[in-house]
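Each remark here refers to the structure printed beneath this line.
Letters go in sequence order (proteins before strands), and every chain restarts at 1. We use all heavy atoms of the structure for the numbers below, so side chains are in, but hydrogens, waters and symmetry mates are not.
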Amino acid sequence: MFDSASLPESQRRIALVDVNSFFASCERVFDPSLEGKPVVVLSNNDGCVVALSKEAKALGVKMGIPWFKISAWAPSVGLVAKSSNYELYGDLSSRVMSILHEFSAHVEVYSVDEAFLEVKGTPEELVALGYDIKAAIQNKLGLPVCVGIGRSKTQAKLANSGAKKSAGLNGVCNLDTFSPEHIDRIMEALPVDNIWGIARRLSKRLNSMGIHTIKDLRDADPVRIKKKFGVVVQRSLYELRGIDCIKLEGERLVKNQVMYSRSFATPVTTRKQMEEVLAVYAQRVSKRLRKQGSVAGALTCFAGTSRFANEPFHSPYRNAVFSVPTNDPVEILKAASSVLLECVEDGRKYVRAGIMLHDVSPKTSHQYLDLFTPVHESRQLGEVLDTVMEKHGAFSIGLGAAGFKSPRHWEMKREMLSLRATTRWDELATVHAK
DNA sequence: TCTGGGGTCCTAGGACCC
DNA sequence: TCTGGGGTCCTAGGACCC
């Protein structure tokens with residue numbers, strides 16, 4: 001463990017550790033033949049590109065492009081596509097995070113592939129620490145990371161993108177090692193939307209006020225910025241100056257909102273089919289809720305036709321409130337279908353649907369009387385479904401319309417799936433001796 | 001033919017209260 | 001006929017993130 005306790009508070013810094021092209025790098029861990037090749041990972045249904053290796057970026061492939069638009073061209077440039085394998089990524093992610101805990105007592109897991117760490121030390125010590133972290137994750141997992149270090153999360157983000165872009169830094173960038181003049185030059189060269197928290201809309205409005213670069217925002221008047229853009233942009237401004245306003249948080253294990261939503265492999269066109277969909281989705285969303293030990297007080301249920309079709313875009317959604325907070329799949333299904341099915345129209349081509357649960361709270365906080373406990377919940381139906389599916393597969397049991405043995409036509413398509421090598425015994429990687 | 005999924009935080013405005 | 005002002009809570013929607 002890096003001992004930071006004896007160092008003064010003024011040497012406290014924030015490091016952002018981020019796995020390079022995370023999904024693509026995970027694919028490479030168990031398929032070394034992908035090393036050095038352009039690789040993309042596709043969203044569910046093999047729809048769009050959601051992750052790209054550096055070689056794929058160099059070919060000009062863009063994040064979010066639909067796979068069907070480049071699949072014919074891909075072989076001619078050696079571009080390899082993989083379906084997303086979230087089981088594998090999730091497992092490697094938790095291994096990365098546990099390694100990071102060896103380097104700091106305070107780690108905030110920010111997303112599947114990045115974390116903020118509290119670190120202390122002189123600028124040189126912190127650069128050395130960055131290389132240690134990088135080497136540990138490379139050696140233990142075979143995943144490449146970059147480390148950015150600054151006085152605030154926003155500075156750490158900026159440093160991290162520097163570490164990624166500038167080959168001379170070898171993947172570690174500590175802003176404290178640059179002179180103020182050098183930092184000015186860096187900030188002057190970067191458009192304001194390179195900042196964490198400033199995207200297209202805000203940067204357009206900032207531009208119209210004459211704020212074009214990161215330096216422009218850093219040096220702007222905070223009061224004026226707050227008045228025009230609110231506290232969020234003002235915080236970014238202070239963070240750029242090195243005042244940390246966005247505190248390091250603990251890991252958020254319990255979500256305030258839980259959603260299950262999927263696009264269909266082929267459109268759903270009738271209420272009857274939509275009812276099947278909701279039955280499956282209710283089961284899955286309630287499983288997520290039970291997994292974090294919560295109950296929900298309300299839900300939103302939605303469906304949508306394609307934005308890209310000739311027919312007018314139609315996306316009905318409805319809310320429902322439970323009389324008693326619940327995680328019971330039967331209650332969730334009843335509520336979802338009663339509100340959504342009345343606004344779903346036979347004959348339309350729905351391409352997606354979802355169920356979102358709100359007012360999520362810990363189950364233990366509701367010590368309500370037996371009288372008010374939904375009858376299915378009192379029989380632990382949700383847990384029974386979880387157990388049977390765990391043992392006999394996702395289609396072995398289901399609620400009402402979802403209780404079919406075979407997959408439905410609208411179920412997800414993943415044609416280029418890699419092995420779930422770290423979580424399934426029957427999908428272990430095979431090593432071939434030469 | 002084929003265009004992702006799962007979150008967070010903030011704000012403005014309405015409802016309601018005294 | 002006249003019709004305040006301040007506070008809180010809730011919700012929908014916007015913007016952002018990965």
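- Other residues, nucleotides and ligands contribute at most 12 non-hydrogen atoms within 6.0 Å of the NZ atom of A:K226.
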*Spell out protein contact along nucleotides 1-8 of chain B as letters: B when the base is contacted, S when just the sugar-phosphate is, - when no protein heavy atom is under 4.0 Å; keep the 5' to 3' order.*
-BBBSBSB
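- Relative ring orientation between A:W410 and A:Y281 is described as perpendicular, the plane-to-plane angle rising above 60° on a 0-90° scale split at 30° and 60°.
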_Test log, rule side-chain hydrogen bond (donor to acceptor under 3.5 Å, both in side chains), inputs A:T326 and A:E331_ = CA-CA 7 Å; A:T326 184; A:E331 294 294 315; 5.7 Å; no
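- Listed in residue order, the members of residues 231-247 of chain A having a heavy atom less than 4.0 Å from DNA chain B are A:V231, A:V232, A:R235.
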For residues 30-39 of chain A, please give each side-chain donor-acceptor pair under 3.5 Å, one per line with the distance, not counting sequence neighbours.
from	atom 1	to	atom 2	distance (Å)
A:D31	OD1	A:S33	N	3.2
A:D31	OD1	A:S33	OG	2.6
A:K37	NZ	A:S33	O	3.2

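- If you measure from atom CG of A:D359 to atom C1' of C:dC9, you get 13 Å, rounded to the nearest angstrom.
- Annotation: cation-pi geometry not satisfied between A:R352 and A:Y350 (NZ/CZ under 6.0 angstrom from ring centroid, within 45° of ring axis).
- One side chain, A:N319 or A:T300, offers a donor N or O that lies under 3.5 Å from an acceptor on the other.
- Rounded to whole Å, the separation between the P atoms of C:dC18 and B:dT3 comes to 25 Å.
- Ion pairing between A:E114 and A:K157 holds under the 4.0 Å rule for side-chain N and carboxylate O.
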*Nucleotide by nucleotide, 5' to 3', does protein get under 4.0 Å of the base (B), only the sugar-phosphate (S), or neither (-) in nucleotides 12-18 of chain C, counting heavy atoms?*
SS-SSSS
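- Side chain to side chain, A:S286 and A:N327 fail the donor-acceptor criterion of an N or O pair below 3.5 Å.
- The strand DNA chain C forms stems, runs of 3 or more Watson-Crick or G-U wobble pairs with distances below 3.5 Å, at B:5-18 with C:5-18.
- For the 3.5 Å distance criterion, the side chains of A:E27 and A:S418 qualify, holding a donor opposite an acceptor.
- Remark: the A:E118 side chain and the A:S104 side chain contain no N/O donor-acceptor pair separated by less than 3.5 Å.
- Annotation: side chain to side chain contact (heavy atoms under 4.5 Å, CB included) contacts of A:K57 (sequence neighbours excluded): A:S21, A:L52.
- A donor-acceptor pair shorter than 3.5 Å can be found between the side chains of A:D91 and A:T422.
- Heavy atoms from other residues, nucleotides or ligands lying under 6.0 Å from CZ of A:R241 number more than 12.
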